[in-house]
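Here the structure comes first, spelled out in structure tokens, and everything after it is commentary.
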There are 2 protein chains.
Amino acid sequence: MERPPLADAIIRSFDSYSAEVRKAARFVLDNPRDVALLSMREQARRAGVQPSTMMRLAKQLGFDGFEPVRDAYADAMRNPANSFERKARDQQRLQDLGGEQALAAKIVASVTRQLEALSAAEQLVRLSDAARLLAGARRVYCLGLRASHPIAWQLNYILSLVGDRSVLLDDLANTGSDRIRFAGPEDVLFAVTVMPYTQLTLDVVDYAHRQGVPVVALTDSPVSPLAKRATITIATTTESPSFYHTMTPAFALAEILAVLVAGQGDTETLDALRQVDSYHASLGTHAAERPFPVARPPKEVQ
Amino acid sequence: MERPPLADAIIRSFDSYSAEVRKAARFVLDNPRDVALLSMREQARRAGVQPSTMMRLAKQLGFDGFEPVRDAYADAMRNPANSFERKARDQQRLQDLGGEQALAAKIVASVTRQLEALSAAEQLVRLSDAARLLAGARRVYCLGLRASHPIAWQLNYILSLVGDRSVLLDDLANTGSDRIRFAGPEDVLFAVTVMPYTQLTLDVVDYAHRQGVPVVALTDSPVSPLAKRATITIATTTESPSFYHTMTPAFALAEILAVLVAGQGDTETLDALRQVDSYHASLGTHAAERPFPVARPPKEVQ
DNA sequence: GCAATTGTGAAACAAATGTTGCAAGCGGTA
DNA sequence: TACCGCTTGCAACATTTGTTTCACAATTGC
């Protein structure tokens with residue numbers, strides 16, 4: 001299914017839909033396969049919408065009911081964008097369209113391969129060990145400077161959603177890491193740096209290590225200078241076909257780690273999320289479209 | 001669906017089936033797609049067989065009923081790339097792992113699949129279009145708040161390595177986006193937000209749009225509120241098996257986009273990188289692990 | 001050739017499906 | 001305030017679904 005049947009039509013008239021119908025349309029756009037594979041009611045459920053709304057969407061698209069819509073999507077799935085054929089064609093197009101898109105595709109391929117490798121057994125063990133360590137900590141100090149900033153920030157952000165134990169060691173006026181002074185053996189320092197290693201990060205980790213603070217290191221090698229000081233080292237790759245190394249695998253790891261740590265909280269996590277939700281609701285932080293990040297009933301949280 | 005789920009099992013025991021069940025099995029083998037897309041009764045009709053016979057086939061295959069069979073085929077259709085074999089293997093491994101590691105593995109798998117999708121032809125076209133637009137801009141304003149911060153930050157960071165045209169619209173004291181006042185039609189605003197959309201981001205984009213500033217939007221749907229104001233919309237997914245949506249695909253996109261933009265600079269980019277290198281060398285930002293100054297052309301800079 | 005076993009078709013079931021109609025809710029207008 | 005049109009959720013509808021049951025037919029072994 002290269003281009004889902006009604007995608008264009010939906011996008012074109014999306015603005016004229018009502019709020020609920022939009023939710024339905026969103027679902028259809030995002031999950032074209034499920035339109036054919038799931039019952040309408042099930043789709044309504046997942047889209048967070050009444051079955052009647054799916055009907056309304058179908059009718060607004062000019063159909064008698066939802067079944068014809070399903071049929072359209074089923075047809076599209078029957079003659080598959082023959083993955084073989086299509087890949088060949090895509091490859092061909094890359095050749096034609098020159099270096100830029102080819103480079104982008106190469107990077108995607110490279111990063112994808114690196115991500116896949118993250119599900120190696122030992123990685124998972126490391127991750128869950130690290131999660132347990134972080135979950136048990138009084139406070140979690142997050143440190144990632146320069147290129148590693150997004151990674152540390154992301155961990156701190158997600159942890160901050162579900163509690164107040166996380167501290168981001170970053171600030172204006174070069175005072176970011178000062179708060180590490182208050183860390184002790186019952187805390188944990190989460191530190192990120194990859195080659196070329198940021199000196200300040202190493203220094204702070206060194207200090208924390210001497211103070212007996214356990215360290216979870218996210219870095220690019222088990223023999224990186226960070227790893228030496230770390231209680232647990234999570235290693236990832238940063239290779240990229242371009243001039244700039246990629247931080248995407250590290251970012252993914254931090255995200256997963258954060259989710260695992262939050263998951264250890266269980267009910268407290270859910271409470272905190274609900275609280276975050278109502279907080280932002282009363283502040284009007286978000287454009288009103290759907291409740292906070294809990295996209296679906298959070299039954300998968302553990 | 002390279003290899004239909006139960007093909008092997010069916011072929012293996014085909015001979016032991018009765019005449020009617022064989023008809024059913026034959027149909028399943030010949031029309032694997034229809035197994036997922038049609039109702040069981042309809043399949044029975046087409047196979048020239050009673051519904052009960054389909055049931056019997058399912059039970060002979062070791063299932064409780066026909067629905068699980070359908071599910072198996074539906075799963076196979078959802079990610080055509082993943083061969084059945086591989087999925088089975090992954091599934092097996094998940095069983096062996098604890099809930100926590102299983103969740104981690106699931107997230108990795110999900111994100112990997114989403115990343116793969118980024119190399120679709122239209123995505124690449126969008127990316128390179130966006131890159132061209134950004135490369136031609138006088139200034140590039142980067143805006144991403146809350147969960148989208150790492151994405152905007154990353155683009156700004158990489159662009160800052162190779163020039164001084166990038167401005168991050170973020171700051172202390174809620175003054176972050178003020179500088180958008182200076183943007184005009186010869187600049188570009190790069191804005192990121194996903195559901196639930198940050199109101200301030202939408203407002204700023206709105207303002208910039210009215211000022212005639214071209215907008216490159218990185219968001220989660222072609223019908224997101226961001227997309228309406230955007231000159232070019234790059235859409236990505238954020239689904240995750242966990243309670244928190246993933247920003248990893250968006251992060252990867254930003255990284256790639258940044259690299260493409262930097263690549264347009266060519267010689268200037270290389271000059272800038274060399275300069276960055278010597279700058280950090282003289283400040284001692286990085287731990288000297290690598291021979292310094294860089295012997296080879298500096299293709300990797302932090 | 002008969003009994004026992006197996007395979008088959010038809011009818012019946014509850015559950016789930018697609019669809020419809022209606023009343024309550026909402027925001028804007030007179 | 002009363003009214004309007006539009007949107008939304010709910011309950012009900014007739015079908016259709018997957019599944020079970022059972023009587024009958026076919027096949028088998030003796």
Side-chain angles (χ1 to χ4, degrees), chain A residues 5-6 10 13-28 31-75 77 281 284 287-291 297, chain B residues 5-6 10 13-28 31-75 77 223 225:
Chain A
L6 304 170
I10 294 176
S13 43
F14 188 85
D15 289 337
S16 69
Y17 296 158
S18 72
E20 286 298 296
V21 174
R22 279 186 201 185
K23 278 204 241 175
R26 247 326 256 275
F27 179 87
V28 171
N31 310 72
R33 293 201 158 80
D34 287 331
V35 176
L37 294 173
L38 265 37
S39 77
M40 184 212 77
R41 284 177 113 104
E42 178 62 25
Q43 294 172 53
R45 233 161 280 143
R46 300 201 184 183
V49 145
Q50 294 282 338
S52 11
T53 305
M54 303 299 282
M55 283 297 312
R56 285 165 190 141
L57 170 62
K59 300 209 163 164
Q60 302 222 29
L61 286 169
F63 294 87
D64 288 341
F66 198 82
E67 205 128 22
V69 175
R70 259 167 68 92
D71 290 348
Y73 277 82
D75 276 355
M77 288 194 75
E289 183 112 358
R290 222 210 263 194
Chain B
L6 304 170
I10 294 177
S13 42
F14 189 84
D15 291 337
S16 68
Y17 295 158
S18 71
E20 287 296 297
V21 174
R22 280 186 199 184
K23 279 204 249 174
R26 200 41 211 273
F27 179 87
V28 171
N31 311 72
R33 296 206 154 73
D34 287 331
V35 176
L37 294 173
L38 266 36
S39 78
M40 184 210 76
R41 285 176 112 104
E42 178 61 25
Q43 293 173 54
R45 233 163 279 143
R46 300 199 183 185
V49 145
Q50 293 284 339
S52 8
T53 306
M54 303 299 282
M55 282 298 309
R56 285 167 191 137
L57 170 62
K59 298 207 166 167
Q60 302 221 27
L61 285 169
F63 293 89
D64 287 340
F66 198 81
E67 205 129 19
V69 176
R70 260 166 67 89
D71 289 348
Y73 278 82
D75 273 358
M77 289 195 74
V223 294

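Basis for what follows: all heavy atoms, side chains included, without hydrogens, waters or symmetry-related copies. Sequence lines set the chain letters: A, B, ... in the order given, protein chains first and strands last, and positions in each chain run from 1.
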Separation of C:dT8 atom C1' from B:Gln60 atom CD, nearest Å, is 13 Å
Is the shortest side-chain N to carboxylate O distance from B:Glu67 to B:Arg70 below 4.0 Å? no
Send over the distance from B:Arg56 CZ to D:dT21 P, rounded to a whole Å. 12 Å
Closest to the B:Met40 side chain, choosing from D:dT19, C:dG9, D:dC10: D:dT19
Return the value, rounded to whole Å, for the distance between atom CD of B:Glu67 and atom P of D:dT16. 18 Å
Without decimals, in angstroms, what is the distance between A:Phe66 CZ and D:dT16 P? 19 Å
Counting just side-chain N and O atoms, does B:Lys59 come under 4.0 Å of either OP1 or OP2 of D:dT20? yes
Minimum-distance nucleotide to B:Pro51 side chain [options: C:dT8, C:dT19, D:dT19]: D:dT19
To the nearest Å, how far apart are B:Met55 CE and D:dT19 P? 5 Å
Is the phosphate of C:dA16, meaning OP1 or OP2, less than 4.0 Å from a side-chain N or O of A:Arg45? no
Could you tell me whether a side-chain N or O of A:Ser13 sits under 3.5 Å from a main-chain N or O of A:Ser16, the two making a donor and an acceptor? no
What is the distance, rounded to the nearest whole Å, between atom CZ of B:Arg41 and atom P of C:dC13? 14 Å
Length of the line joining B:Gln50:CD and C:dA12:C1', which is rounded to integer Å: 14 Å
Specify the separation, in whole Å, of atom CE of B:Met54 and atom P of C:dG9. 14 Å
B:Gln43 side chain to B:Phe27 backbone, donor-acceptor under 3.5 Å: no
5′-ward residue of the pair A:Ser52/A:Ser39 relative to DNA chain C: A:Ser39
Quick one: does B:Arg33's side chain have a donor or acceptor within less than 3.5 Å of a partner on A:Met77's backbone? yes
